[in-house]
Amino acid sequence: MDKHQFYRDTWAEINLDNISKNVKSFKAHLPDQKIMAVVKANGYGHGAYQTAVTAIESGAEYLAVAMLDEALALRKQGVSEPILVMNRIRPEYVSLAVQNEVSVTVFQKEWLIEASAYMEKEEKPLNIHLKLDTGMGRVGIIGEEELHEAALLIRKTPYVVLEGVFTHFATADEWDSKLFEEQRKRFINQLGILHTLGCKPKLIHSANSAAALRKVEGPFNLVRLGISMYGLSPSMEMKKKLPFPLEEAFSLHSQLIHVKKLAAGDTVSYGATYIAKEDEWVGTLPIGYADGWQRRLSPGAHVLMKGERLPIIGRICMDQCMVRLPFKMDVGEKATLIGVQQDERIEMDEIASLAKTINYEIPCLISARVPRVFVKNGRISENMNVILNF
Ligand SMILES: *Cc1c(COP(=O)(O)O)cnc(C)c1O
C-alpha cells in the first residue's frame, strides 16, 4: 500500500507555485534582507517539508520552527539548511540540537548555565539566537541589566556562538501603532548595548510578515516570513495596503457522497435546526469538525459547486456536513470549501471571519486527517497522508 495515497473524498490542495511566487515577491521587495521561512505547525498546515523546500528553492536561506521536534523532523527528511527553533528547548536536549545543527533561541541566563553543563564534550558549537522582549510580553530578555548579564555569560560560555539577536513585534499589523515604533527603538537601543559589550551576531532580525510588508528601518538583515509566504495577509487592515499581491496557496475540497430530495418539513442534522420550507435537494460532504471544519461555521459558511455559492445547512457533524443544492447533482460532484471555482472565490479570510478568528488559525486547524495534495510547476507533485504514514 502506498502510504502517500489517500482514499477519502476530502483533501487540501497546496499550491507550492504560489508559495514560490510570494517568496520571490518578498525578495524583490526587500533585496537586502535574507529570508527565514517560518514553517512551524506543519507549515501553518501547508506541509512543513514541502513548504521549506519550495521556500529555499525560491530564495529563502533560513528556516524557523517553534520546537525541536519540528526541526528534527525536517532534518530526518533531509533538509540541510539552517533551522532556528524559536521556542525554548530544554537545556538537557542541547546536544541533540548541536548534533543536528539546529540553532536555538535563548532568553534566560539560567538556561545558559544549565545548558553549559551538557555542552562540555561537544565538538560542534551551539548556535544561539538571543531573544529580546521589547514589548511583546511573551518571552525574551527584558531590560539592560538582564541583557548585560546574558551577554557576559554568552561570551564566557564555551561552545556557544551568538549567531543571532531578535525581537518580535506585537502590533506590526496595525498601521497606526505606537508600540510598533517603540519596540523598534528599544530593540535598536539594546543592539547598541550588545555591541559595546563585544557581541556582534551575524543575524539581526525583528520582522514578521506584517513588518516585512511595511518594511522596518534599522540594522536588520533577515526577516521571518510566515503567514504572507502562504499568501495570506497578516490582518484585514494590511490587506488593503499590500505592496504587492499575495497568492493564497491553500485550498480545501471535497465531493458529494450522497444526494437526496427533502420534502417541506424535513429536517437536517443534529438538533434538527434546519427545516426544509419546500421540496429541495441536499447533498452530503464527507468533512466535519474532526477535519478542522469547525462546527461554528454553520450556519453562515458556503461551498462552491459548479461555480455557484451554496449554503451549508444544519449543524456540522464530526465527519460530515450538508449543503443545499439548487438542483439534483451527482454523487462525486466536487465542492470547494476554500478556494476558487470559475468566477467565485471563498477566501481564507471569509472562513476566519465566520469562525471569529484570524486567517492563521484556519489552515493550522485543518487536521492531519485531511490529506494534502501538492501542486508544483502546475502539476501534482506529491500527496501527504499522515494517517497512512506508518
Ligand atoms: C510565528 C512567528 C513568526 C511568523 O509570523 P507571521 O506573522 O506568520 O509572519 C515570526 N517570528 C516569530 C517569533 C514567530 O513565532
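Both backbone and side-chain heavy atoms feed into the values below; hydrogens, waters and symmetry mates do not. Read the numbers this way: they start at 1 and go in the same order the structure lists the ligands and their atoms.
Annotation: cation-pi geometry satisfied between Arg214 and Phe180 (NZ/CZ under 6.0 angstrom from ring centroid, within 45° of ring axis).
Under the side-chain contact (heavy atoms from CB on, under 4.5 Å) criterion, Ser353 pairs with no residue at all, not counting sequence neighbours.
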Using a 3.5 Å cut-off on N/O to N/O, what pairs does ligand 1 make with the protein? A line per pair would be great.
from	atom 1	to	atom 2	distance (Å)
ligand 1	7 (O)	Tyr360	OH	2.6
ligand 1	8 (O)	Tyr44	OH	2.6
ligand 1	8 (O)	Ile227	N	2.8
ligand 1	9 (O)	Ser209	N	2.9
ligand 1	9 (O)	Ser209	OG	2.5
ligand 1	9 (O)	Gly226	N	3.0
ligand 1	9 (O)	Ile227	N	3.4
ligand 1	11 (N)	His168	ND1	3.4
ligand 1	11 (N)	Arg224	NE	2.7
ligand 1	11 (N)	Arg224	NH2	3.4
ligand 1	15 (O)	Lys40	NZ	2.7

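Under 4.0 Å is where a charged nitrogen must lie from a carboxylate oxygen, and between Glu70 and Lys40 no such pair does. Under the 4.0 Å criterion applied to side-chain N and carboxylate O atoms, Lys178 and Glu181 are not assigned as salt-bridge partners.
Heavy-atom minimum distance, Leu191 versus Pro219: CD1-CG, 3.9 Å.
Around the CZ atom of Arg155, the shell of radius 6.0 Å holds no more than 12 heavy atoms that belong to other residues, nucleotides or ligands.
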